[in-house]
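Single-structure report; data block below.
Whatever order the structure lists them in is the order used to number ligands and atoms, beginning at 1. Fair warning: this is a prediction, and the values are worked out from it, not measured in the lab.
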Amino acid sequence: MAPKKLSCLRSLLLPLSLTLLLPQADTRSFVVDRGHDRFLLDGAPFRYVSGSLHYFRVPRVLWGDRLLKMRWSGLNAIQFYVPWNYHEPQPGVYNFNGSRDLIAFLNEAALANLLVILRPGPYICAEWEMGGLPSWLLRKPEIHLRTSDPDFLAAVDSWFKVLLPKIHPWLYHNGGNIISIQVENEYGSYRACDFSYMRHLAGLFRALLGEKILLFTTDGPEGLKCGSLQGLYTTVDFGPADNMTKIFTLLRKYEPHGPLVNSEYYTGWLDYWGQNHSTRSVSAVTKGLENMLKLGASVNMYMFHGGTNFGYWNGADKKGRFLPITTSYDYDAPISEAGDPTPKLFALRDVISKFQEVPLGPLPPPSPKMMLGPVTLHLVGHLLAFLDLLCPRGPIHSILPMTFEAVKQDHGFMLYRTYMTHTIFEPTPFWVPNNGVHDRAYVMVDGVFQGVLERNMRDKLFLTGKLGSKLDILVENMGRLSFGSNSSDFKGLLKPPILGQTILTQWMMFPLKIDNLVKWWFPLQLPKWPYPQAPYGPTFYSKTFPILGSVGDTFLYLPGWTKGQVWINGFNLGRYWTKQGPQQTLYVPRFLLFPRGALNKITLLELEDVPLQPQVQFLDKPILNSTSTLHRTHINSLSADTLSASEPMELSGH
Ligand SMILES: CCCC/N=C1\SC[C@@H]2[C@H](O)[C@H](O)[C@@H](O)CN12
């Protein structure tokens, strides 16, 4: 699809002043005017006020809504990454369909009269799984990511030779809306400091995109030395608490002339499971923006709309220990995870309006919200009961345990099985040496749950068993490091476990295709599994339920559950970790739900312990800031009607 002129309907929807009367492609240009420290758009002085949103964290049906709200906020551009692993799930297999339709997203941005600052990587960080790099790269265990390693560059070249020709027609001077393109991402923060690699990327971008498009780099102030490159425009990133004057002064050492650019001005921050919810104050964020705009800087606010890490797509950091990112990527951004405007949005719009025209007319209202429940789930069965269905190809056998990457299991879960070679009468230490659990292991003996081993924890379990007892270890990939690592983040059992004095060998690996099974289950009402009582450990629960009225956005609340994965009508909503927090609810976009009495289905894979009453609630507000201790307090504060609602209640679609 080539870039279209604004459709007549949309151009009517937008005030005429906002409809860029797009000149013909041959007179279009976006350049740096070093003589006046500014950008020029079609020869006229131009400053962008941009916001980041990630199409890969927002279902496609909601793209237009989010983009219009960003335009209404006064932005004239958006910035987004292209995650390589989202589009090339297996080597040579490409997916640009549905919520992966990058060109459709570019078109939606054009319809919203927004220019685009594109960041195709190949590494993107973004708290996204492996920073956007595909995990199949690690099938060559010795590969040196983000360097001029020939294996890595071969894969990068192959990917960009597919991607970059797709976006070529969308470059601004070709009639599209892409005004600039970033090469790599904060490369100066990566230990390699491989200039050959950066030069290779710059050459590839030039070869495939031509000489006109503005190419740039982004680094924190400490990364400018290794992250900047001759011929690429240097920009920085920093937040409201940082010293703007000091950082821009440092930037001038790399770009003595041309516009000052903050490519990531942090409006909020990310959340880790088990840490407090991050926020940035409205006053600090707006003050920093105003100061930068007064300087004439171009600014991109990171994030303007965060969205959600659906499925297994969250990344992780390493700050002393492994820290997985939460499912919510709300980021305390101006537009909330559910797409609602926040006070921060209105405050930022007021600032922007002091410097450039902002669209008139009302902002779309917040989306309709819905409460439902409690919904009581029934036990479907223990995960092991479905092993044949979850691993239809059967196990892979190996003397030593193999990693996820070695068996080509990219995300989710793998079961490791061996048998006890002798009877153990006394509780005997069981552990995985060298921090070899990546990332959480749920241990069972003959199907009976024994407990959890975690990455970065020195825990040991104490096991007994008979000769021939099955020792099962379900390993969960909690998301590959997206930042903070100078090495590859392999998943699974990286070392053979030890029981007492015995190194355990003769392993079977069962890569589990849980999503396929849940999608198959989704339309079926499975019989209650003939378990006398709820077993502990990895267990499926489910329930079909009608929504009698209209549907609305809602927030799944799982009080008393521990940790697991959720599917709604076969869609993988993401991870929950009620016990850890700070996130206690999962955003459920209304389009996932069937209205007017049609049956909906929720499926949980609970990995540890279930509440006495296996119930869940659908709330009309999110809970993102409640750690386990605070959580109980929060429960008490929830309104009585919220918690005591009978099942199923007619929905108040308000
Ligand atoms: C001190 C920060 C270093 C890591 N950089 C971060 S943490 C949040 C953001 C996103 O990950 C973004 O993708 C990075 O480019 C910059 N940044």
Numbered atoms of ligand 1 (with element) below 4.0 Å of Tyr81, judged on heavy atoms: 12 (C), 13 (O), 14 (C), 15 (O)
Under 4.0 Å to a heavy atom of Leu270 - the qualifying atoms of ligand 1, by number: 7 (S), 8 (C)
Distance from [atom] to nearest protein heavy atom, with residue and atom:
atom	answer
atom 11 (O) of ligand 1	Glu127 OE2, 2.6 Å
atom 5 (N) of ligand 1	Glu186 OE1, 3.0 Å
atom 9 (C) of ligand 1	Glu264 OE1, 3.7 Å
atom 2 (C) of ligand 1	Trp269 CH2, 4.2 Å

With ring centroids as reference points, do [X] and [Y] lie under 6.0 angstrom apart?
X	Y	result
His54	Tyr81	yes
Tyr187	Tyr197	yes
His144	Phe152	no

Parallel, tilted or perpendicular: ring planes of Tyr55 versus Phe105, cut at 30 and 60 degrees: tilted
Aromatic ring pairing Trp136/Trp84, orientation class (parallel under 30°, perpendicular over 60°, tilted between): perpendicular
Whether Ile124 lies under 4.0 Å from ligand 1, heavy atom: yes
From the candidates Tyr302, Phe238, Tyr266, Trp128, the one that places a heavy atom nearest atom 17 (N) of ligand 1: Tyr266
Residue part near ligand 1, for Tyr331, under 4.0 Å between non-hydrogen atoms: side chain
Within-cut-off N or O pair, [X] and ligand 1, under 3.5 Å:
X	result
Asn185	yes
Arg119	no
Phe483	no

Other residues, nucleotides, ligands: >12 heavy atoms within 6.0 Å of Arg139 CZ: yes
Charged tip of Lys621 within 45° of Phe555 ring normal and under 6.0 Å: no
cation_pi(Arg57, Trp313) dist<6.0 Å, angle<=45: no
